[in-house]
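Computed over heavy atoms, backbone and side chain alike; hydrogens, waters and symmetry mates excluded. The chain is numbered in sequence order, starting from 1.
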Amino acid sequence: MISFKKFHHFRKDPATRDKNSEVSLSPKDFIQPFFLVEGSEIYRKISSDCPLFHFSVDTALKEIEKLLHLGIDKILLFGVTEKEFKDEQATYATSPSNPVYLAIKAIKKNFPNITIMTDICICPYTSHGHCGIVEGQKILNDKTLPILAKMALFHAEAGADYVSPSAMMDGQVLAIRQELDKHKFSNVKIMSYSIKYASSFYGPFRDTINSSPSFGDRRTYQMDPRNASQALDEFRADVEEKADVFIVKPAHTYLDILYKIHQHSPKALLCAYQVSGEYMMLHASAQQGYLDLNQAVTEVFHAFKRSGAQWIITYDGSRYWSEK
Ligand code: PBG
């Protein structure tokens with residue numbers, strides 16, 4: 001007689017399923033990105049079918065009030081710049097009229113309890129769209145580091161709680177940590193994009209901030225999707241350089257990487273970044289009637305938690321929790 005194990009009793013009703021669930025979601029797990037532009041009263045979709053928005057500082061403040069009511073208390077700020085303000089040295093990254101700088105100050109003043117995180121990369125501000133300083137066709141890692149450090153200090157002085165280097169320059173966390181400590185900002189934390197793959201899923205984001213590279217691609221500095229072992233090395237390097245939070249990005253296609261790092265260091269605070277193209281796949285499918293957006297994103301967010309993420313960066317947080 002063949003005997004078999006019985007599992008259905010784990011699933012027989014909602015209460016039993018809840019009791020057997022190993023992960024859950026809270027608005028406190030979520031980080032809401034903002035794309036900030038100069039001006040006022042701006043709240044616009046970047047294109048009719050893409051639900052990513054540009055905000056000016058005033059409209060961002062209104063949106064943040066809504067987020068706080070929903071229980072979302074962490075935001076990640078990105079700058080968007082007009083072509084005429086971009087140059088080879090990304091000067092606008094540390095300009096006092098940069099909307100990120102102005103937003104940090106205004107948000108801190110109006111909502112002292114929200115956690116402000118800022119993206120540290122020069123691609124929104126470089127004329128060539130690369131994340132590093134360029135000479136000929138080459139990306140100059142070491143020449144980029146002081147600029148990232150200066151940008152981080154600029155945000156710290158304005159009141160950022162976390163700075164979040166995404167340029168994938170070697171040594172970026174160390175350079176930023178040293179600069180912050182030197183200027184008595186040891187309290188400002190670093191959420192590093194530790195693992196960032198050269199991915200085709202960043203398309204809608206690049207359209208949003210107009211940062212596609214004018215030549216080549218980002219494969220000389222972002223990770224190769226065919227390699228997993230370097231992810232652990234990148235993570236360890238960021239631990240040594242004293243990062244506080246570690247992002248894995250993209251998340252959907254790299255759950256193996258997230259899980260691997262979680263297994264290696266169960267106590268590290270890991271963050272899954274559901275990038276723009278990943279979110280748009282679900283959003284567009286839902287629009288076409290192929291799936292239910294809430295059910296699909298719930299399943300994906302649970303997968304992030306199951307794989308070891310404590311925090312989730314997604315463009316869908318505000319919509320998701322307001323429809324709950
Ligand atoms: C900046 C940066 C990118 C993303 C976050 N920070 C773009 C890139 O590396 O090209 C992508 C985020 C997304 O697609 O949602 N370097």
Side-chain angles (χ1 to χ4, degrees), residues 7-8 10-11 14-33 51-52 70-72 74 76 117 164 166 191-205 222-223 225-229 231-232 234-235 245-324:
F7 291 100
H8 288 188
F10 293 131
R11 303 159 195 162
T16 313
R17 289 195 292 276
D18 282 350
K19 198 172 143 284
N20 283 285
S21 69
E22 295 171 336
V23 289
S24 60
L25 299 171
S26 145
K28 296 245 178 302
D29 306 332
F30 283 67
I31 299 172
Q32 182 73 37
L52 302 184
L70 297 171
I72 299 176
K74 290 181 267 306
L76 175 59
M117 302 159 150
S164 195
S166 70
M191 177 168 76
S192 174
Y193 289 69
S194 304
I195 287 98
K196 179 172 175 181
Y197 279 92
S199 170
S200 53
F201 291 100
Y202 304 150
F205 173 97
Q222 298 182 351
M223 292 172 60
R226 296 170 296 182
N227 181 289
S229 54
L232 212 46
E234 290 269 6
F235 166 74
V245 184
F246 308 86
I247 299 177
V248 175
K249 169 187 172 191
H252 290 210
T253 321
Y254 298 88
L255 283 182
D256 58 327
I257 305 291
L258 183 59
Y259 184 67
K260 197 168 147 143
I261 292 169
H262 178 60
Q263 293 297 98
H264 176 268
S265 276
K267 289 203 178 128
L269 208 174
L270 306 183
C271 177
Y273 196 144
Q274 181 189 48
V275 301
S276 56
E278 295 178 316
Y279 175 55
M280 281 309 293
M281 281 197 304
L282 298 177
H283 180 82
S285 288
Q287 292 245 297
Q288 292 290 317
Y290 292 130
L291 48 76
D292 178 274
L293 185 58
N294 274 339
Q295 283 178 12
V297 293
T298 302
E299 190 174 333
V300 169
F301 295 153
H302 280 142
F304 296 163
K305 296 294 285 287
R306 222 175 47 234
S307 303
Q310 291 184 44
W311 287 352
I312 297 169
I313 303 172
T314 171
Y315 302 100
D316 201 40
S318 149
R319 186 208 64 83
Y320 183 73
W321 289 100
S322 57
E323 291 186 17
K324 272 261 147 191

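In terms of modelled atom types and a separation under 3.5 Å, the side chain of Glu278 and the main chain of Val275 share a donor-acceptor contact. The backbone N or O of Ser166 lies less than 3.5 Å from a partner atom in the side chain of Lys196, making a donor-acceptor pair.
Atom OG1 of Thr314 is separated from atom CG of Leu282 by 9.0 Å, given to the nearest 0.5 angstrom. A distance of 8.0 Å separates OH in Tyr290 from OG in Ser285, rounded to the nearest 0.5 Å. For the atom pair CG (Leu293) and OH (Tyr279), the distance works out to 5.0 Å, reported to the nearest 0.5 Å.
Considering only residues two or more places apart in sequence or on other chains, Ser199 meets the side-chain hydrogen bond (donor to acceptor under 3.5 Å, both in side chains) condition with none of them. Under the side chain to side chain contact (heavy atoms under 4.5 Å, CB included) criterion, Ser322 pairs with Leu70, sequence neighbours left out. Taking the salt bridge (Lys or Arg N to Asp or Glu O under 4.0 Å) definition, one finds that Arg17 meets it with nothing, sequence neighbours left out. By the side-chain hydrogen bond (donor to acceptor under 3.5 Å, both in side chains) test, Tyr197 is found to be paired with no residue, residues two or more places apart in sequence or in another chain being considered. Listed by chain and residue number, nothing satisfies the salt bridge (Lys or Arg N to Asp or Glu O under 4.0 Å) test with Arg11 (two or more places apart in sequence, or in another chain). Evaluation of the salt bridge (Lys or Arg N to Asp or Glu O under 4.0 Å) rule for Lys28 yields Asp73 as partners, not counting sequence neighbours. Every residue two or more places apart in sequence or in another chain was checked for a salt bridge (Lys or Arg N to Asp or Glu O under 4.0 Å) with Glu22, and none qualifies. Looking at residues two or more places apart in sequence or on another chain, you find no side-chain hydrogen bond (donor to acceptor under 3.5 Å, both in side chains) involving Ser164.
The nearest pair of heavy atoms linking Met280 to Pro204 is CG-CG, 3.9 Å. The two residues Leu25 and Lys305 make their nearest non-hydrogen contact at CD2-CG, 3.8 Å. In terms of heavy atoms, Ser26 sits closest to Trp321 at C-CZ2, 3.5 Å. Here the closest heavy-atom approach between residue Ala268 and residue Gln310 is recorded as O-NE2, 3.9 Å. When all heavy atoms are compared, the tightest approach of Leu52 to Ser276 is CD1-CB, 4.1 Å. Shown here for Ser21 and Asp18, the closest heavy-atom pair between the two residues is OG-O, 2.8 Å.
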Would you tabulate the side-chain donor-acceptor contacts of residues 296-303 under 3.5 Å, counting partners in other chains and residues two or more places apart, or write 'none'?
from: Thr298; atom 1: OG1; to: Asn294; atom 2: O; distance (Å): 2.6
from: Thr298; atom 1: OG1; to: Tyr320; atom 2: OH; distance (Å): 2.7
from: His302; atom 1: ND1; to: Thr298; atom 2: O; distance (Å): 3.3

May I have the list of side-chain donor-acceptor pairs in residues 246-263 shorter than 3.5 Å, sequence neighbours left out?
from: His252; atom 1: NE2; to: Gln274; atom 2: NE2; distance (Å): 3.1

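Residue pairs satisfying the salt bridge (Lys or Arg N to Asp or Glu O under 4.0 Å) criterion with at least one member in residues 306-324, sequence neighbours excluded, are listed as follows: Asp316-Arg319, Arg319-Glu323. Listed by first and then second residue, the side-chain hydrogen bond (donor to acceptor under 3.5 Å, both in side chains) pairs that reach into residues 264-273 are Arg236-His264, Tyr273-Tyr315, sequence neighbours excluded.
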Please step through side chain to side chain contact (heavy atoms under 4.5 Å, CB included) for the pair Lys74 and Met117, ending with a clear verdict. CA-CA 7 Å; Lys74 290 181 267 306; Met117 302 159 150; 4.0 Å; yes

Run the numbers on Leu269 and Met191 for side chain to side chain contact (heavy atoms under 4.5 Å, CB included), then give the verdict. CA-CA 9 Å; Leu269 208 174; Met191 177 168 76; over 6 Å; no

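Residues Ile313 and Cys271 are in side-chain contact: their nearest non-hydrogen atoms beyond the backbone lie under 4.5 Å apart. Annotation: side chain of Glu234 is in contact with side chain of Met223 (closest heavy-atom distance under 4.5 Å).
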